[in-house]
Protein chains: 2
Amino acid sequence: MTDEKDTRRRILATAADLFRRQGYSGTGLSQVLAAAQVPKGTLYHHFPGGKEQLGVEAVRAGGAEIRALLESLIAGAGRPGDALDGTVRLFRAALESSDYTEGCPVATVALESAGCDPLRAACDEAYRSWTDLIATALGRWEVPADRHDDLATTILATLEGALLLARVRRDTAPLDAAARQLRVLVDAAVPAGAR
Amino acid sequence: MTDEKDTRRRILATAADLFRRQGYSGTGLSQVLAAAQVPKGTLYHHFPGGKEQLGVEAVRAGGAEIRALLESLIAGAGRPGDALDGTVRLFRAALESSDYTEGCPVATVALESAGCDPLRAACDEAYRSWTDLIATALGRWEVPADRHDDLATTILATLEGALLLARVRRDTAPLDAAARQLRVLVDAAVPAGAR
DNA sequence: CACTAGACCGACCGGTCGGTCTAGTGTGGT
DNA sequence: ACCACACTAGACCGACCGGTCGGTCTAGTG
């Protein structure tokens with residue numbers, strides 16, 4: 001009974017983890033199978049679409065995970081800077097505890113997604129949902145409406161870039177530096193009364 | 001005489017282009033060879049280190065190319081915003097003319113570089129050189145010294161993230177949005193007298 | 001107890017991977 | 001004329017790729 005849908009879930013979680021760290025092309029199905037302790041045939045029972053379906057669902061799962069994380073951080077934050085700090089703290093912990101292999105669960109796949117449109121679309125969808133979430137939150141914090149989209153996009157872009165730099169450098173310094181400057185930018189956009 | 005070192009150069013240029021668009025794992029040596037019109041033996045004559053050497057040199061070449069580009073843009077710019085605009089304009093053109101496959105020549109490889117340290121180190125080196133260049137330029141524009149590193153890192157991170165978002169979205173809007181917000185951030189750091 | 005549906009299994013497929021090896025080929029030095 | 005050598009060339013290798021296949025096992029049903 002524990003294996004009812006557990007096998008499928010385990011395959012997906014393992015694949016998502018490996019894709020996040022090694023990329024889509026860089027991860028073989030046999031590696032996923034070995035790590036999840038699942039034979040080949042079982043994979044194709046649960047994911048008839050093969051590797052591509054696995055990739056799309058892994059990106060969707062990663063997207064949903066981060067979205068939930070952002071939602072709770074935003075809900076619990078009194079000011080934009082608090083939500084920003086919370087986000088950075090979590091990613092910093094992920095980087096450090098994984099020897100700088102776990103960054104954004106979407107970015108690695110995203111940059112390889114040229115030539116496979118379903119994969120690209122899944123990444124796009126994830127990024128859009130995060131951007132929308134951030135833009136809405138900025139509205140709550142009384143940031144002028146004409147800057148919601150620009151600022152939300154910039155916040156996401158800066159964090160994504162900082163995660164990339166931090167991974168390559170094996171140091172969270174770029175993430176911290178970016179967070180400090182983002183805070184300057186965001187605070188300046190919040191009316192003094194709402195700060 | 002045209003083929004003196006031309007073959008090697010052609011292999012490297014082809015590989016760099018394919019790595020940039022499809023990633024390291026996603027690009028097979030046979031694809032490089034076919035695109036460069038070069039047989040296999042020739043590749044291993046010029047690159048005895050195999051695919052890894054090709055990857056490292058491709059990243060270095062991409063790093064040098066962008067560094068040269070930044071240098072000339074910075075030298076020709078009166079204010080920080082001008083250099084920023086020039087950079088964004090070039091990347092926007094690259095994205096649009098390549099159907100959104102040509103972004104940063106380092107980023108795609110960088111995110112796959114976990115598990116291959118020479119590759120990771122080459123990416124790190126490229127990013128460091130760009131950051132140093134930007135930080136030095138900020139000094140010329142009289143940005144306070146204690147913000148050089150943070151700002152330079154943030155500018156690079158934001159551009160990298162924006163390029164990623166633009167590729168996935170197949171739209172330059174994220175790049176433009178990020179550029180506008182970066183300009184706000186940078187202009188605010190330049191003393192009014194120097195602006 | 002016969003039957004069925006679907007989860008699960010792993011041998012096997014053609015193709016491609018990165019990499020090696022040997023056989024030319026053209027050119028410059030002597 | 002000769003050789004040495006940098007270079008070109010592609011046949012070839014074992015390993016591994018993503019994917020398919022026929023089949024077993026088990027829980028549920030009439």
Side-chain angles (χ1 to χ4, degrees), chain A residues 1-19 21-59 108-109 112-120 122, chain B residues 1-19 21-59 108-109 112-120 122:
Chain A
M1 62 179 78
T2 58
D3 295 344
E4 195 109 350
K5 284 290 177 183
D6 184 68
T7 302
R8 193 191 139 96
R9 203 194 48 74
R10 195 170 70 250
I11 295 173
L12 187 56
T14 307
D17 180 58
L18 289 172
F19 288 155
R21 289 191 281 148
Q22 312 178 339
Y24 181 73
S25 310
T27 302
L29 290 187
S30 45
Q31 190 185 2
V32 175
L33 267 7
Q37 300 264 55
V38 163
K40 199 93 179 251
T42 304
L43 173 89
Y44 280 88
H45 171 73
H46 293 287
F47 299 90
K51 193 183 190 185
E52 184 177 314
Q53 182 185 353
L54 203 50
V56 168
E57 292 203 26
V59 167
T108 316
V109 177
E112 295 180 275
S113 67
C116 178
D117 208 65
L119 218 47
R120 198 214 96 249
Chain B
M1 65 176 74
T2 58
D3 296 343
E4 194 112 348
K5 286 289 179 184
D6 184 68
T7 302
R8 192 192 141 96
R9 204 193 47 74
R10 194 169 72 250
I11 295 173
L12 187 56
T14 307
D17 179 58
L18 289 172
F19 288 155
R21 290 190 279 146
Q22 311 179 341
Y24 181 74
S25 310
T27 302
L29 289 188
S30 46
Q31 189 185 1
V32 175
L33 266 7
Q37 300 264 53
V38 162
K40 210 150 193 184
T42 304
L43 172 90
Y44 279 88
H45 171 73
H46 293 288
F47 300 89
K51 193 184 190 183
E52 184 176 315
Q53 182 185 353
L54 204 49
V56 168
E57 293 204 25
V59 167
T108 316
V109 177
E112 294 181 276
S113 67
C116 178
D117 208 65
L119 217 47
R120 197 214 96 249

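Because only heavy atoms are used, hydrogens play no part in the values below, and waters and symmetry mates are left out as well, while side chains stay in. Letters go in sequence order (proteins before strands), and every chain restarts at 1.
- Atoms CD1 and CZ, on B/Ile11 and B/Arg9 in that order, are 11.0 Å from each other to the nearest 0.5 Å.
- One interatomic measurement links the two molecules: CG of A/Asp6 to C1' of C/dG6, which rounds to 17 Å at whole-angstrom precision.
- Legend: side chain to side chain donor-acceptor pair (under 3.5 Å) pairs involving residues 47-56 of chain B, not counting sequence neighbours, sorted by first then second residue: B/Gln53-B/Glu57.
- Between A/Phe47 atom CZ and D/dG18 atom C1' there is a gap of 15 Å when expressed in whole angstrom units.
- Contact check for B/His45 versus B/Arg8: no side-chain heavy atoms found under the 4.5 Å cut-off.
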Which donor-acceptor pairs under 3.5 Å do side chains of residues 33-42 of chain B form with protein atoms, sequence neighbours excluded?
none

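- Every residue meeting the side-chain contact (heavy atoms from CB on, under 4.5 Å) condition with B/Thr27, not counting sequence neighbours, appears here in chain and number order: B/Leu18, B/Phe19, B/Gln22, B/Gln31, B/Val32.
- Under the side-chain hydrogen bond (donor to acceptor under 3.5 Å, both in side chains) criterion, A/Thr14 pairs with no residue at all, not counting sequence neighbours.
- One can place CD of A/Gln22 at 15 Å from C1' of D/dC17, the figure rounded to the nearest angstrom.
- Considering only heavy atoms from C-beta on, B/Leu29 comes within 4.5 Å of B/Tyr44 through its side chain.
- Atom-to-atom, CG of A/Leu54 to C1' of D/dC17 comes out at 15 Å; the value is rounded to the nearest Å.
- Residue B/His45 places no side-chain N or O under 4.0 Å from the OP1 or OP2 atom of D/dA9.
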Output field dot_bracket for DNA chain D (Watson-Crick or G-U, both distances under 3.5 Å, | for other-strand pairs) contains ||||||||||||||||||||||||||||||
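- Between B/His46 and D/dA6 there is no side-chain N or O to OP1 or OP2 distance below 4.0 Å.
- In this entry the distance linking CD of A/Gln53 with C1' of D/dG18 reads 14 Å, nearest Å.
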Annotated protein contacts, base or backbone, on nucleotides 15-23 of chain C with a non-hydrogen cut-off under 4.0 Å, one of B, S, - each: --SBBBB--
As a quick check of understanding, evaluate side chain to side chain contact (heavy atoms under 4.5 Å, CB included) for B/Leu119 and B/Tyr24, giving each step before the final call. CA-CA 10 Å; B/Leu119 217 47; B/Tyr24 181 74; 3.8 Å; yes
Could you walk me through whether B/His46 and B/Thr7 satisfy the side chain to side chain contact (heavy atoms under 4.5 Å, CB included) test, starting with their C-alpha distance in whole Å, then the side-chain angles of each, then the deciding distance to 0.1 Å, before giving a yes or no? CA-CA 9 Å; B/His46 293 288; B/Thr7 302; 4.2 Å; yes
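- Across C/dA7, C/dG10, D/dT8, the shortest atom-to-atom separation from the side chain of A/Pro39 is found for C/dG10.
- Residue A/Thr42 places no side-chain N or O under 4.0 Å from the OP1 or OP2 atom of C/dG10.
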